[in-house]
Structure formats: structure tokens, C-alpha cells
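Since the structure comes first, as C-alpha cells, the remarks are kept for the end.
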Amino acid sequence: MEKWKTELAPADEQNLARAAELLQKGEVVGFPTETVYGLAGNALNPEAVEKIFLAKGRPQDNPLIVHIASMDMLPVLTNNPPELAFKLAKAFWPGPMTMVLPKSDLIPDVVSAGLSTVGIRFPSSKVAQALIQKSALPLAAPSGNLSGRPSPTTAAHMMEDMDGRIPMILDGGPCSVGVESTVIGVGTDRVRLYRPGGITVEMLEEICPVEIDPGVLHAVEAGRKVASPGMKYRHYAPKADVQIVEGSFPAFRTFMEQQKGEGVYAIVFNGEENSLPVPALAFGAEDDPAAQARLLFDLLRECDELGAKRVFVRSPRVTGIGLAVYNRLLRAAAFQIVHLNESGVAE
Ligand code: TXA
Ligand code: MG
């Protein structure tokens, strides 16, 4: 892989123009979106797309999503999309929703990892839109982390993973959503949820019925074929062993008495962090899943910096964007869940 002196560049006019030029030349650049930072390349150029896979160390069977900045690109990049796709686009674009649709011949096989479909997203981030417009290209972009690491929600986090691997990261400040986009397969009269995100199930249900793919809440058995390859991978994992803990806060506190020791940390709701026998990071209020979404990946990275070996996380509510928080935590925890009874004993 080519070795770069990676530049962290404020997302101003001049740097946006330089980033657009790099993209036109077939290079890849880091950029902010409202969800997480992404690693962009020209979606129509297979060599540029290869560079994305290489820089991330991403498995070749995991397809990329394509970012657009105008509704007109939807029918160009897809093949005969159902009416429902336009209805959803009208309701939720620009925004954190990726629609999986039959791909047009313009989309190279490396982008779709050989599938006949492609994921398309029109981000609401003004910097992302400016980059797409200035480069005049649809941009293939996965999250800008090394494969398997938590997605970056700041330019500095992306730098931790991509330093030396890409020429430039545009810094547009912290991401407002903090978890990746909602990924849905779009049929004629319903959608299937592959990855929950900022466009919630409740919001989608205002438009049409939603089927939740079992991979959203359950581990995919080894070897099983999945509709959305990202569901297979552990993902979002800090170096520590993460476990989700279900039960009341008093039960959690008792349980942590038994767990305490070197490298043991907790991630808890605001206000709980000071009454525990182990160091704890606060995650947002219990009834504020949007805050939890914004903080989750940052906290997972912070656990690594603190040298955490085991991290116990209070189980979040699964309504609204809380489902996205829980879905990412499940993967960070490799689906390990502890259920506590009222005495703080694991059942
Ligand atoms: O918010 C986001 O979606 C961010 C920002 C940068 O836009 N991007 C992102 O990309 O999260 P990535 O590659 O990390 O996640 C895309 C997910 C993967 O789980 C992938 O398997 C799934 O979408 N996906 C992509 N194309 C698909 C397809 N044709 N069919 C099914 N799943 C697909
Ligand atoms: Mg990712």
C-alpha cells in the first residue's frame, strides 16, 4: 500500500477543492458526514474503490454504499427502483438512510462486492454534499475506521486509524448523529431493516411496513449467507472484552462489586458514574438515546486509551435510535449479555 503523510485539513473551500481534485485523480480521502466519518473514493472507478478496501483492511465480500448529493442520481445508479424508494427518499433524504436497490450497470462489481444490489445514501452533512458536488462524482464510502474498529465520529479518531494510509482527512468537526446510517432493503410495498440508525423504525413505519432482519438483534451463525454482509462481522470492537448488562442500577452496582479489579470499567447512564466501585464513563441520560448514539463510539475508543480489559455496559432502551445503539453494542460485545436478578446475581 502507498505510504502517505496524511494531512488533517479544515473543511474550508480551498481544502474541499483539493480533496475533490484528489478524488477525481482516483485517490481516496476522509470526510465528515452527519453519521460518522467516511473514507471516500470515486464509486465509478474500480481502482479507486480497491484503494478504499486496502486502506481499511476491509473484507472484499462487504459491499460499499454510494453517496449522492442530488435526487436525480438515484435512478441513474439503480435499476428500475420501486415507487416506494422515491417516497422514502422524499421523506428522509438528505439524511442518515441508505437504501439497498437493484444496481445499474454503472456500478462496478467491487462496489457491490458482486451483489446485484447497491446501497445509496444522500447525506445531510453540508461538507459531505459540497465534496460530492465539487468532485462531481458519486462517492463510495464506508466508515473511515480500520475494519473491526469503532467508527470515527471525529477527524482525530479517523486519523488514529488512517494516518499514513491516505493523503487527506477533511475536518468538519464532530458528527451530529454518531452511529452509521439506517440500512434498508426496499421492496415494492415494504422495507427490510438490515442496520438500525438515525432514521428509526418508528419513522419508517410512518411510510410503510418494516421487517426487521434477524441479524439486527441476533448473531449470524458462521457460514450462513446474509442479505447484508456487514451483519456478519464483529465490528465496533475495542480491545477490551465488552459485556452488556441487563437489570436495575442497584443490581448493576452489586454485580460490579464482584467484578471490580484492574482494567475493569463500566459504561453507565448519566449520574450513575460516581456511585460505583469501578471507574465509569457516562453514556448520556437513560431516556436520551440520541446522546448515547453520539457518545457510544467515542467511549469505546476511550476504553482502549484507558487500557480497559473488561467493560460492562448498562443495557440501553431499544426505542427510536436506541435500537441502533443496542445493535452496535451487541456487536462490540460479541453478543455477550449478562442478565442480573434484583440481588445483582447473574442468571
Ligand atoms: O452512515 C453511514 O452509512 C457511513 C457514512 C460514511 O455514510 N457509512 C458506512 O458504511 O457506515 P459501511 O461500509 O461502514 O457500512 C455499510 C453497511 C455494511 O454493513 C454493508 O454490509 C451494508 O451497508 N451494505 C452495503 N451495500 C449493501 C448491499 N448492496 N446489500 C446489503 N447490504 C449492503
Ligand atoms: Mg463500517
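Just so you know, these numbers use all the heavy atoms, side chains as well, and skip hydrogens, waters and symmetry mates. Quick caveat, the model's predicted, so the values are computed rather than measured. Counting starts at 1 for both ligands and their atoms, in listed order.
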Any N/O pair [X]/ligand 1 closer than 3.5 Å:
X	value
Ser228	yes
Ser181	yes
Thr117	yes
Arg121	yes
Thr35	yes

Closest to [atom] among [options] (heavy-atom distance):
atom	options	answer
atom 24 (N) of ligand 1	Gly119, Pro63, Pro32	Pro63
atom 9 (C) of ligand 1	Ala140, Ser143, Gly114, Ser151	Ser143
atom 12 (P) of ligand 1	Gly30, Gly38, Ala141, Pro142	Pro142
atom 13 (O) of ligand 1	Lys56, Arg58, Glu180	Arg58

Which of the numbered atoms in ligand 1 are under 4.0 angstrom from any heavy atom belonging to [X]?
X	result
Asn62	18 (C), 20 (C), 21 (O)
Val100	28 (C), 29 (N), 30 (N), 31 (C)
Ala227	30 (N), 31 (C)

Quiz item: Heavy-atom count around Glu13 CD within 6.0 Å, excluding the residue itself: above 12?
Solution: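 Atom CD in Glu13 is not crowded, with 12 or fewer foreign heavy atoms closer than 6.0 Å.
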
Quiz prompt | Shortest non-hydrogen contact between Ile68 and Pro123, atoms and distance | solution =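 Heavy atoms only, the tightest pair is O-CD, 3.3 Å.
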
Practice problem: Please find out if less than 6.0 Å separates the ring center of Phe122 from that of Phe92. | Solution: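 Ring centres of Phe92 and Phe122 not closer than 6.0 Å.
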
Quiz item: Have Asp298 and Thr153 got a donor and an acceptor in their side chains that come within less than 3.5 Å?
Solution: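 Indeed, the side chains of Asp298 and Thr153 share at least one donor-acceptor pair under 3.5 Å.
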
Practice problem: Say whether Thr319 and Glu202, considering side chains only, have a donor N or O and an acceptor N or O under 3.5 Å apart. | Solution: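 Their side chains do not contain a donor-acceptor pair, so the 3.5 Å distance test is not met.
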
Practice problem: Examine the proximity of ligand 1 to His67 and report which part, side chain or backbone, both or neither, has a heavy atom under 4.0 Å away. | Solution: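 It is the side chain that gets close, since no backbone atom is under 4.0 Å.
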
Quiz prompt | Residues in salt bridge (Lys or Arg N to Asp or Glu O under 4.0 Å) contact with Arg301, at least two apart in sequence or another chain | solution =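 Applying salt bridge (Lys or Arg N to Asp or Glu O under 4.0 Å) to Arg301 gives Glu160, Asp161.
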
Practice problem: Please determine if Asp213 and Arg195 form a salt bridge, counting it only when a charged side-chain N lies under 4.0 Å from a carboxylate O. | Solution: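 So Asp213 does not pair with Arg195 through a salt bridge.
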
Quiz item: Within the stated cut-off of 2.8 Å, is an N/O/S atom of Ser151 closer than that to the Mg ion (ligand 2)?
Solution: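 Here the distance criterion (N, O or S atom, under 2.8 Å) is not met by Ser151, so no.
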
Practice problem: Assign the ring pair Phe269 / Phe283 to parallel, tilted or perpendicular, where the plane angle (0 to 90°) is split at 30° and 60°. | Solution: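 The rings of Phe269 and Phe283 lie parallel, inter-plane angle below 30°.
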
Quiz item: If you look only at pairs with a residue in residues 252-264, which of them pass as a salt bridge (Lys or Arg N to Asp or Glu O under 4.0 Å), with sequence neighbours excluded?
Solution: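 Sorted result for residues 252-264: Glu257-Lys260, Glu262-Lys309.
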
Quiz prompt | Candidates Arg121, Gln129, His67 - the one meeting side-chain hydrogen bond (donor to acceptor under 3.5 Å, both in side chains) with Thr33 | solution =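 Among Arg121, Gln129, His67, the one meeting side-chain hydrogen bond (donor to acceptor under 3.5 Å, both in side chains) with Thr33 is Arg121.
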
Quiz item: Below 4.0 Å from any atom of ligand 1, is there a heavy atom belonging to Pro96?
Solution: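 In this structure, Pro96 fails to qualify as a contact of ligand 1 - no heavy atom is under 4.0 Å.
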
